[in-house]
Every structure is written in structure tokens, then in C-alpha cells.
Asks: 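Handing you this structure, nothing more for now.
Counting starts at 1 for both ligands and their atoms, in listed order. Worth saying up front: this structure is predicted, and the values here are computed from it rather than measured.
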Amino acid sequence: MAKISVKNPLVNINGDEMARVIWDKIENELILPYLDLKLINYDLSITNRDKTNDEITTKAARQIKIEKVGVKCATITPDEKRVEEYRLKKKYPSPNGTIRNILKGTIFREPIIIDKIPKIVNHWNQPVIIARHAFGDIYRSKEITIKKRGKLTICFEDEKGNKEEQLIHDFDSEGVGLAYFNINDSIYDFAHSCFNFALIRNFSLFLSTKNTILQKYDEAFKEIFDEVFERYKKEFEEKNILYQHRLIDDMVACLMKWSGGFVWACKNYDGDVMSDLVAQGFGSLGLMSSVLQSPDGKIQKTEAAHGTITSHYRQHKNGIQTSTNPIASIFAWSKALKHIAKLDSNLSLHSFSENLETICIDTLNKGFMTKDLALMCGPEQKWVTTNEFFEIIKNKIEN
Ligand code: NAP
Ligand code: MG
């Protein structure tokens, strides 16, 4: 098989633990033997982030901005235990957060639906795509621990020194407080990303907020979406798809009632929570893909939605064969390659990526799968090891 030549380089971000083991196998066994592709590699393993004082993360994000496409392996976001485990200089922030803040854009999380794999929520027969606003709110908040009596206020000071201050709470016992913000430009970008994505995929779009309580903060999201929608309204009508704002509690109820087939625009924290709920409802974190897309749709960073799968890595290190699902990571590669194919108008690369996805789906539908998926199919379903699964996929690419 002659290698397919690829013009645009791909920023390849490696990560940690079992996800990294799978990542190297995808790169070396499923991609590089078939593509003449320049990879610009960044090692975001926790040890290398520590060695470079996390500068490697910022560099990787800037490189994605230049090349317009990146693919990322799961990485450890250290907590206290990890700081101890890896003897880190400090508790570094989430690399995904750092990259998001540099690239801006919206994260779209989409389940890979496989006929053979039963879903926990049986009637979700079309994808629910969670669009997560990747900026601000609690992720850029400041917290305070209140240890004594006193007043907690929030204050805005303009350039001339004029102040606008409001009392939040008059504490007469210990407690906690929090302040967070968002920026209209970022909400406009979010709205454009969402309307564009819904149009491309031909799905209705719903924005959820709690604007009955947050009549300024959440209302700003609703008003900006309403304003931006005016520019997309005609195209939505032509495609017979909807845009609606709904209260978050109502939207959660609709999610359970409906059968999928829509994009749900979520504020940052809601998107964090709902994407895991939706992933589980569709079956497995191992079948959830994730794309960070710039508002104009030109820059994409793709990844699997799951983490570094620590429990499997511990087995792997002890020489025990694991049965780890590589599908979401393979789809991260195929989606990044499809984005390059679009940028370069490279039809052969597009076909290669489509074929890789079809092979994965067919393999699962024929009953060859990893343990996480087999457990969902029932006690009769057999499973294969990580290495066996890769052998099957490799053979199918070759033949
Ligand atoms: P996780 O790595 O997603 O794993 C949670 C559990 O889900 C696993 O123990 C495993 O269950 C199952 N699982 C997830 N992916 C699987 C796959 N591909 N195949 C088979 N089973 C799979 O989440 P976590 O344990 O909460 O986090 C571990 C580390 O990942 C943390 O350090 C966290 O910071 C990091 N993380 C990174 C990202 C990212 O980079 N995008 C996202 C989330 C978490 P069983 O053990 O039952 O088999
Ligand atoms: Mg999360």
C-alpha cells in the first residue's frame, strides 16, 4: 500500500498513563505506516510539564493555532495525590483549560453510536451533541474563605476610579464566597460556533441557562444568542431546524424525554457535567469524541473525552494484559485527519479517515470489542485484549 502524502502538518500532543500507551499504538500501528505525514510532537506528560514549568502546554496550544489542527491524548490534571505521586513542583492547571483559553472556541462532544452496543438510555437513537462554552465562569473564578464576621462585597472600578459596589452577604459566622465573570466577545464566539455547527450537522440547537435567577449574567447569554440567531434564522428555516432557549432544569427533563438528534449549548460548568451524563447514557466514555473548534470553524483540536484510565495503566505496568477501548482516541485521529483533508482538499486522506472509522464501527458490530463494551452487551459477549483489538483493526486496514 503506497503511503498517502499529507501537506499540512499535524500537532500531536502526547499525554499520560494508559491513554498514552494507546496513543503510541495508534500513531505507530494505524497512522504512520499509511500516511506520509509530518507530526509536530509535544510531550504533555505530567513529568514533562513539570520539567518545563508547564511552558510546553502553552507552546503546544500556540502551535495548533499556527497549523490549524491538533490531536491530543488525555493528560493528568494533578490533584494533591498526583503532586505526591509524581513529586511535582506544583499543582499545575488542567492542560485542556490552558489550551482552551488560548484557542478560544467551543468544545463539541459527540457520542459514537454503534448499533450492536445497547445504550443505557435506550431511546437515544441519535446523538446528543454537547457544546460547552469553554471560557470563564467557575473555571476563572476567585474564591474566598470567610473566617470571621464581616461584609463580602463585589466591586467594579472603571478606568476613572468610579466604583459600583454591591453587598453579597453580611457574615456573622464562617463561610465561603465566590466571584466569576464572562466576556461578551467570548459569548458571541460561542453563539457563532454553535449556530454554524448546528447548520453543518442539520440538528436543532438549544441553549440552556438559569436566567430566571441570574437575570443579568445568564440573561446576557440568552440575549446574545437571540441577537446572533437573527443572522442564521433564514438558513435554520430552510433546513427546518430550530433554535430555542430553555431553562436548564426544563432542558434536563427534555433530554430524558427526547430521542436525541440535537446540539445542546451549555455554559461552561453545565457542559462539563452534562457531557459525562450524556456519555454514560449513550454507553461508555470510551465511545465519546470531543472537538474544540474555533468560532469560524477553521481551527480544530480533537481528542477522546475520557481520561488517562489510571486503573488500566496499573495493570499494564504489572504486565497484565488490559482490555482498553481505543475507539474514541482513534476517532480523535480520524477527525483531525479529516480536518486536514478539508484544509488541503486531500480526497485520499479523507477516504483513509472515513475508512478507519468504518472499520472500527464494523469491527464492533461484528462482535469484536473491549471489555467495557462487552459488559454492556451482556454475559454472552466475549471481549478481546487491547493488543488483540489493534491486531484486528490493523488487519482490516491492510486487507
Ligand atoms: P478516566 O481516565 O476516564 O477513567 C475512569 C474509568 O472509566 C476507568 O477507570 C475505566 O473504568 C473507564 N474508562 C475510561 N475510558 C476507558 C476506555 N477507553 N476503555 C475502557 N474503560 C475506560 O477518568 P478518571 O479516572 O476520573 O481520571 C484519570 C486521570 O485522567 C486523572 O488524572 C484526570 O485528571 C485525567 N483526565 C484527563 C482528561 C483529559 O485529558 N481530557 C479527561 C478526564 C480525566 P474501569 O476501571 O471500571 O475499567
Ligand atoms: Mg469533566
Asks: Can you check which of Leu373, Thr77, Ile22 brings a heavy atom nearest to atom 33 (C) of ligand 1?
Replies: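 Among Leu373, Thr77, Ile22, the closest heavy atom to atom 33 (C) of ligand 1 belongs to Thr77.
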Asks: Just list the side-chain donor-acceptor pairs under 3.5 Å for residues 255-267, sequence neighbours left out, or say none.
Replies:
from, atom 1, to, atom 2, distance (Å)
Trp264, NE1, Ser208, OG, 2.8
Lys267, NZ, Asp218, OD1, 2.6

Asks: Check if Lys72 has a non-hydrogen atom at a distance under 4.0 Å from any atom of ligand 1.
Replies: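 Under 4.0 Å: yes for Lys72.
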Asks: Measuring from atom 11 (O) of ligand 1, which candidate in Lys371, His312, Glu303 has the nearest non-hydrogen atom?
Replies: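 Among Lys371, His312, Glu303, the closest heavy atom to atom 11 (O) of ligand 1 belongs to His312.
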Asks: Polar contacts were defined as any N/O atom of the residue lying under 3.5 Å from an N/O atom of the ligand; does this apply to Ser323 and ligand 1?
Replies: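 Min N/O separation from ligand 1 is not below 3.5 Å for Ser323.
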Asks: Measuring from atom 43 (C) of ligand 1, which candidate in Gly307, Ala328, Ser311 has the nearest non-hydrogen atom?
Replies: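 That would be Gly307.
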Asks: Assess whether a salt bridge exists between Arg82 and Glu17, defined as any Lys/Arg side-chain N lying under 4.0 Å from an Asp/Glu carboxylate O.
Replies: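 Salt bridge: yes.
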Asks: Nearest heavy atom to atom 29 (C) of ligand 1: which of Ile309, Ile99, Asn96, Thr308 does it belong to?
Replies: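 Shortest heavy-atom distance from atom 29 (C) of ligand 1: Thr308.
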Asks: Side chains of Thr385 and Asn387: any donor to acceptor distance under 3.5 Å?
Replies: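 Checked: Asn387/Thr385 side chains show no N/O donor-acceptor pair below 3.5 Å.
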Asks: Between Phe190 and Phe225, is the ring centroid distance below 6.0 Å?
Replies: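 They qualify: ring centres under 6.0 Å apart.
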Asks: Which residue pairs pass the side-chain hydrogen bond (donor to acceptor under 3.5 Å, both in side chains) test with at least one member in residues 115-130, sequence neighbours excluded?
Replies: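 Sorted result for residues 115-130: empty, none.
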Asks: Does atom CZ of Phe368 have more than 12 heavy-atom neighbours from other groups under 6.0 Å away?
Replies: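 Count not over threshold, so no.
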Asks: N/O of Thr310 under 3.5 Å from N/O of ligand 1, yes or no?
Replies: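 Thr310 vs ligand 1: no N/O contact under 3.5 Å.
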